[in-house]
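Report on the structure given below.
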2 protein chains.
Amino acid sequence: MAIDRRKQIIEAATSSFSLYGYKATTIDQVAKLANVGKGTIYTFFKNKEELFDEIINGLIIEMKAVANEAVSHSDSFYENVHRALYRLLEFRKQHQLTIKLSQEARDIGTPAVVEVMEKLELAILNFIKDKVVLAIKKGEIKECDPEITAFIMMKLYIALIFDWEKKHKPLGKAELSQLFEFYIFKGLST
Amino acid sequence: MAIDRRKQIIEAATSSFSLYGYKATTIDQVAKLANVGKGTIYTFFKNKEELFDEIINGLIIEMKAVANEAVSHSDSFYENVHRALYRLLEFRKQHQLTIKLSQEARDIGTPAVVEVMEKLELAILNFIKDKVVLAIKKGEIKECDPEITAFIMMKLYIALIFDWEKKHKPLGKAELSQLFEFYIFKGLST
DNA sequence: GAATGACTAAATGAACAAAACGGTCATTTG
DNA sequence: CAAATGACCGTTTTGTTCATTTAGTCATTC
């Protein structure tokens, strides 16, 4: 046993971050969970934050894969963006790590965690931005600033999923898709 | 001197809430500022929170007036909503009381303040909702759920004004109007 | 020479005492 | 005598102390 120590450490840390958050996870705990001496962790990672960043980078790669899986070339731009955003936010809702971290960012404001959550949001933003650029080239949508468009799409989606739920009953996937199409694509004007 | 004690108290409290926030304002302080005995405050207001609510109700009335002034019957629905929202958020940015309170809600989460900020948001939401209902009746916009529409409009606006500024240079009034029209009214579809 | 855990300086938080708080009410005032 | 008041009360918040815990190091081990 105990061959790939690096992987063991990452797995132990991921598990502990998911369960207790970043701040409440101690290096001693991770070492114990990984069946590794504490010093060993520091031969692989400069410090606690670098270990954390490594894990988040893995998460971002995972999320990109999830988002790309949701995209189908035979579907329209808006269907693809809707499905990708939906899957991404579903991912966030289902993965203990992202849940715990967004709680910690909101409730405690641990700087390292806030930073990382911004990085995650930026990754999503860039994903959409790329899709927007492509859609403009293909003539699927009007000419527009891809950055603002991606920003608006994400903000709208987050508002509809997270903020709307605070005071109303949650919107289903189909409703969400419809609203997204109605407001962003078709427009309100008669 | 010292005739309208009620008004004096309200003015003193408003000033102190604006300067120090709700939590950091003490009744003793308000009494001193208002040149009034502490007990006198309690002959007009049941407690600190009721005094606070009274002030906020005044603020809501003021904001309604501001919003209504921005509406002109000769202009289109989207121009009116844009102008009203713009003025409302400008109002929020300029009035020390609302600035201090949104800081306190975000940073400390004082329950009474969070509650009051939600009330303020609801007032804006209802204002827009009414305009939406009217616009549908007049055939100015498509049939839609007025509540969701108002919600989306406000969220979009807040995102464009407050969130966009965090990472980019602020959008001017004209840009804002254009974006609002482009995304919500015209739609992205070609 | 890779792995380790005892070690250290810094950060944290439990526990306690002191101060400040919102709200009351017996007394004062005009 | 009705309206105004501030000393007073029980509770909450704040400042302080100090024992514990923490991230990170490094001499020792295998």
Side-chain angles (χ1 to χ4, degrees), chain A residues 1-17 19-56 100-101 104-105 107-116, chain B residues 1-56 100-101 103-105 107-116:
Chain A
M1 66 164 190
I3 11 164
D4 196 348
R5 302 176 123 70
R6 192 173 200 281
K7 200 177 162 191
Q8 280 176 286
I9 293 165
I10 293 233
E11 273 169 11
T14 303
S15 162
S16 186
F17 287 150
L19 231 48
Y20 311 109
Y22 175 75
K23 204 187 168 200
T25 289
T26 69
I27 296 290
D28 279 303
Q29 202 178 109
V30 173
K32 202 163 275 178
L33 254 169
N35 275 111
V36 144
K38 196 214 282 223
T40 310
I41 294 179
Y42 288 90
T43 67
F44 290 108
F45 307 96
K46 211 178 76 211
N47 51 39
K48 190 182 175 184
E49 197 164 342
E50 200 174 277
L51 167 59
F52 186 42
D53 279 341
E54 202 99 356
I55 288 171
I56 296 299
K100 200 77 205 176
L101 291 180
E104 191 173 343
D107 300 340
I108 316 185
T110 319
V113 178
V114 172
E115 207 175 280
V116 139
Chain B
M1 67 162 188
I3 12 164
D4 196 348
R5 304 178 121 70
R6 193 172 201 282
K7 200 178 162 191
Q8 279 176 285
I9 293 165
I10 293 234
E11 271 167 15
T14 303
S15 162
S16 186
F17 287 149
S18 300
L19 231 47
Y20 311 109
Y22 176 75
K23 204 185 168 203
T25 289
T26 69
I27 296 291
D28 280 302
Q29 200 178 111
V30 173
K32 202 163 277 179
L33 254 168
N35 276 110
V36 145
K38 196 214 281 225
T40 310
I41 293 178
Y42 288 89
T43 65
F44 290 108
F45 307 95
K46 211 178 75 212
N47 52 37
K48 190 182 176 184
E49 198 164 343
E50 200 175 278
L51 168 58
F52 185 43
D53 280 340
E54 201 99 358
I55 289 171
I56 297 300
K100 201 77 203 175
L101 292 180
Q103 275 173 7
E104 189 172 344
D107 301 340
I108 316 184
T110 318
V113 177
V114 172
E115 208 175 279
V116 140

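Quick caveat: nothing in here was measured; it's all calculated off a predicted structure. First the proteins, then the strands, lettered A, B, ... as listed; each starts at 1.
Atom NZ in A:Lys38 sits roughly 14 Å away from atom P in D:dC26 (whole-Å rounding). Counting to the nearest Å, the C1' atom of C:dG22 and the CZ atom of B:Phe17 are 12 Å from each other. Atom-to-atom, CD of A:Gln29 to C1' of D:dA23 comes out at 14 Å; the value is rounded to the nearest Å. Nucleotide D:dT13 holds its C1' atom 7 Å from the NZ atom of B:Lys23, rounded to whole Å. If you measure from atom CD1 of B:Ile41 to atom C1' of C:dT24, you get 14 Å, rounded to the nearest angstrom. Taking atom OH of B:Tyr20 as the reference point, atom C1' of C:dA20 lies 16 Å away to the nearest angstrom. One interatomic measurement links the two molecules: NZ of B:Lys32 to P of D:dA4, which rounds to 20 Å at whole-angstrom precision. Whole-Å rounding puts the A:Asp4 CG to C:dA2 C1' distance at 15 Å.
Among B:Thr14, B:Val116, B:Leu51, B:Val113, the single residue meeting the side-chain contact (heavy atoms from CB on, under 4.5 Å) criterion with B:Ile56 is B:Val116.
B:Tyr22 places none of its side-chain heavy atoms less than 4.5 Å from the side chain of B:Lys100.
Taking all atoms of both residues into account, the shortest heavy-atom contact from A:Lys23 to A:Thr110 is CB-OG1, 4.2 Å.
Closest to the A:Ile27 side chain, of the nucleotides D:dA23, C:dG23, C:dC21, is D:dA23. The side chain of B:Thr43 approaches D:dT5 more closely than any other nucleotide in the set D:dT5, D:dA23, C:dG22. In the set C:dT24, C:dT4, D:dT25, D:dT25 carries the atom at the smallest distance from any side-chain atom of A:Tyr42. Listed nucleotides D:dT5, C:dT12, D:dA23 differ in distance to B:Val36; the shortest reach to its side chain belongs to D:dT5. Each of C:dT12, D:dT25, C:dT4 was ranked by its minimum atom distance to the side chain of A:Arg5; first place goes to C:dT4.
Within the nucleic acid shown, B:Thr40 comes within 4.0 Å of at least one base atom, counting heavy atoms only.
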Kindly determine whether A:Ile27 and A:Tyr42 satisfy side-chain contact (heavy atoms from CB on, under 4.5 Å), including the steps that lead there.
CA-CA 10 Å; A:Ile27 296 290; A:Tyr42 288 90; 3.5 Å; yes
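Along DNA chain C, the nucleotide nearest to A:Asp28 and the one nearest to A:Gly37 differ in position, and the one closer to the 5' end is contacted by A:Gly37. Where A:Gly39 and A:Ala24 meet DNA chain D, the nucleotide closest to each residue was compared, and A:Ala24 sits on the side nearer the 5' end. Looking at which nucleotide of DNA chain C each of A:Phe44 and B:Thr25 is closest to, the 5′-most match is held by A:Phe44.
The base of C:dG23 is not paired with the side chain of B:Lys48 by any donor and acceptor separated by under 3.5 Å.
The structure places CD1 of A:Ile9 at 6.5 Å from OG1 of A:Thr43, a figure rounded to the nearest 0.5 Å.
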